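Here is the structure we will look at, set down as structure tokens.
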Amino acid sequence: MSKTPALSLRGLSGGYHGEAVVRDVTLSLPAGRFTAILGPNGCGKSTLLRLCAGLLRPFSGQVLLGGRELSAIPRKELARLVSVLPQGRPVPGIPAEALVAHGRFPYLGYPRRMGQIDRDKVAEAMALAGVTEYRHKSVAELSGGQRQKVYFAMVLAQDTPLTLLDEPATYLDLNHQLELMALISRLRDQGRTVAAVLHDLPQALEWADYLVVMEEGRLAGAGTPEEIFRQGVLEKVFGLACRRIELDGRQRYFFTQQAGGDG
């Protein structure tokens with residue numbers, strides 16, 4: 001895995017069928033850190049991630065990776081730099097191990113024969129994601145949570161310095177969500193840059209190093225959890241009261257309705 005290149009957005013706008021969903025966003029994701037992208041449903045979080053990954057062409061503005069325009073980077077090179085776990089994915093009837101091996105395709109020449117290094121990366125990724133026991137099972141036969149972890153293993157096997165995750169905790173119960181947060185922290189500690197769209201606000205505040213908050217397609221705030229908490233950004237965007245306590249040596253956050261709110 002190479003050194004993490006910086007990812008920067010400059011005046012970025014984009015969307016679908018000529019309609020902008022993300023509007024004039026300028027920010028930089030801190031290298032070697034875990035960034036959580038937050039905001040209400042429909043605010044443009046997933047669209048922003050797709051623009052960052054090069055899966056969606058911007059209407060205007062730039063996405064720069066290591067100072068290079070994303071669209072100018074050859075696709076195979078880009079696949080060695082950026083791995084993506086999107087929301088919607090097919091459910092192929094192939095063994096889980098074969099699916100995880102797809103993560104090694106950017107490193108293979110024709111006719112895509114894996115060497116020992118590739119096989120070791122696949123085995124390591126499956127062990128980290130906790131899916132080794134499913135390696136011979138068909139992906140189509142796994143539960144939603146098991147399948148999500150197998151797809152996450154495929155992203156790990158791709159072994160890129162930048163990883164983008166769109167709602168990676170989908171289908172996972174609370175215990176496995178916490179395992180996922182710990183795994184993302186391990187990747188960060190290895191020097192990788194990780195950005196993930198998350199819905200669980202307390203988890204984002206407790207685990208992420210940096211927060212990007214979206215509202216109606218625009219950037220509502222960006223900063224460390226401490227900065228976002230003190231500025232009241234989440235309270236303004238979500239209309240909730242945010243409180244925190246120290247428990248077991250860590251800051252824990254919880255949200256309640258603001259005084260005078262409905263219900």
Side-chain angles (χ1 to χ4, degrees), residues 1-39 43-87 103 105-107 154-168 184-185 187-198 204 208-225 227-228 231 233:
M1 185 184 65
S2 60
K3 182 180 178 181
T4 300
L7 182 72
S8 300
L9 315 180
R10 296 181 181 174
L12 188 67
S13 297
Y16 311 92
H17 310 297
E19 182 176 349
V21 177
V22 170
R23 301 176 181 86
D24 195 26
V25 171
T26 295
L27 64 87
S28 294
L29 299 186
R33 295 291 182 264
F34 170 25
T35 295
I37 302 173
L38 309 172
C43 71
K45 301 185 298 295
S46 294
T47 302
L48 181 68
L49 199 78
R50 288 175 59 83
L51 288 164
C52 290
L55 299 176
L56 192 63
R57 185 178 295 275
F59 293 164
S60 60
Q62 294 177 300
V63 181
L64 301 173
L65 185 62
R68 302 165 65 190
E69 185 96 37
L70 203 68
S71 59
I73 302 176
R75 300 307 298 180
K76 190 167 185 177
E77 180 184 354
L78 186 62
R80 295 183 179 187
L81 295 171
V82 184
S83 52
V84 186
L85 181 65
Q87 276 192 64
F105 281 6
Y107 302 91
M154 181 182 70
V155 169
L156 294 179
Q158 198 170 334
D159 195 28
T160 57
L162 174 61
T163 297
L164 304 175
L165 310 168
D166 195 355
E167 298 186 31
I184 290 175
S185 295
L187 298 181
R188 181 268 320 278
D189 293 342
Q190 293 173 3
R192 301 197 200 193
T193 299
V194 182
V197 172
L198 298 179
D209 305 300
Y210 196 77
L211 304 179
V212 170
V213 185
M214 299 289 293
E215 183 179 27
E216 296 183 352
R218 298 187 182 276
L219 184 64
T224 66
E227 291 168 341
I228 294 297
Q231 293 166 11
V233 175

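Quick note: numbers below take in every heavy atom, side chains included, and nothing from hydrogens, waters or symmetry partners. Quick caveat, the model's predicted, so the values are computed rather than measured.
Annotation: side chain of Leu81 is not in contact with side chain of Leu162 (no heavy-atom distance under 4.5 Å). Side-chain contact between Leu65 and Leu7: present, with at least one pair of heavy atoms (C-beta onward) separated by less than 4.5 Å. The closest side-chain heavy-atom distance from Asp159 to Ser83 is not below 4.5 Å. Annotation: side chain of Val25 is in contact with side chain of Met214 (closest heavy-atom distance under 4.5 Å). Between Val84 and Val155 the shortest side-chain heavy-atom distance does not fall below 4.5 Å.
Of the possible polar contacts, one joining the Gln158 side chain to the Ala79 backbone as a donor-acceptor pair under 3.5 Å is found. At distances below 3.5 Å, at least one donor-acceptor pair connects side-chain atoms of Ser13 with backbone N or O atoms of Asp24. Here the side chain of Lys45 pairs no donor or acceptor atom with the backbone of Ile37 at under 3.5 angstrom. Between the Thr26 side chain and the Gly11 main chain, a donor and an acceptor come within less than 3.5 Å of each other. With hydrogens and angles ignored, the 3.5 Å screen pairs no side-chain donor or acceptor of Arg68 with any backbone N or O of Ile73. Judged by distance alone, with hydrogens and angles left aside, the side-chain atoms of Glu227 form no donor-acceptor pair with the main-chain N or O of Ala222 at under 3.5 Å.
Between the OG atom in Ser185 and the CG atom in Asp209 there is a gap of 7.5 Å [rounded to 0.5 Å]. Here the straight-line distance linking atom CD1 of Ile184 with atom CZ of Arg192 works out to 11.5 Å at 0.5 Å rounding. A distance of 11.0 Å separates CG in Leu56 from CG in Leu49, rounded to the nearest 0.5 Å. Once rounded to the nearest 0.5 Å, the distance linking CG of Leu51 with CG of Leu9 reads 8.0 Å. Going from atom OG of Ser28 over to atom CZ of Arg10 covers 7.5 Å, rounded to the nearest 0.5 Å. Within the model, atoms CG of Leu12 and CG of Leu27 stand 8.5 Å from one another, a figure rounded to the nearest 0.5 Å.
Listed here is the closest heavy atom pair of Ala196 and Phe34: CB-CE1, 4.0 Å. In terms of heavy-atom proximity, Thr193 sits nearest to Pro30 at CG2-O, 3.7 Å. The two residues Leu70 and Cys52 make their nearest non-hydrogen contact at CD2-O, 3.3 Å. Closest of all the heavy-atom pairs between Ser46 and Gln87 is OG-NE2, 2.8 Å. Closest approach of Pro106 and Arg80 over heavy atoms only: O-NE, 2.9 Å. Between Pro225 and Leu211, the closest heavy-atom pair is CA-CD1, 3.8 Å.
The environment of CD in Glu19 is sparse: at most 12 heavy-atom neighbours from other residues, nucleotides or ligands sit within 6.0 Å. For CD of Glu216, the number of neighbouring non-hydrogen atoms (other residues, nucleotides, ligands) closer than 6.0 Å is 12 at most.
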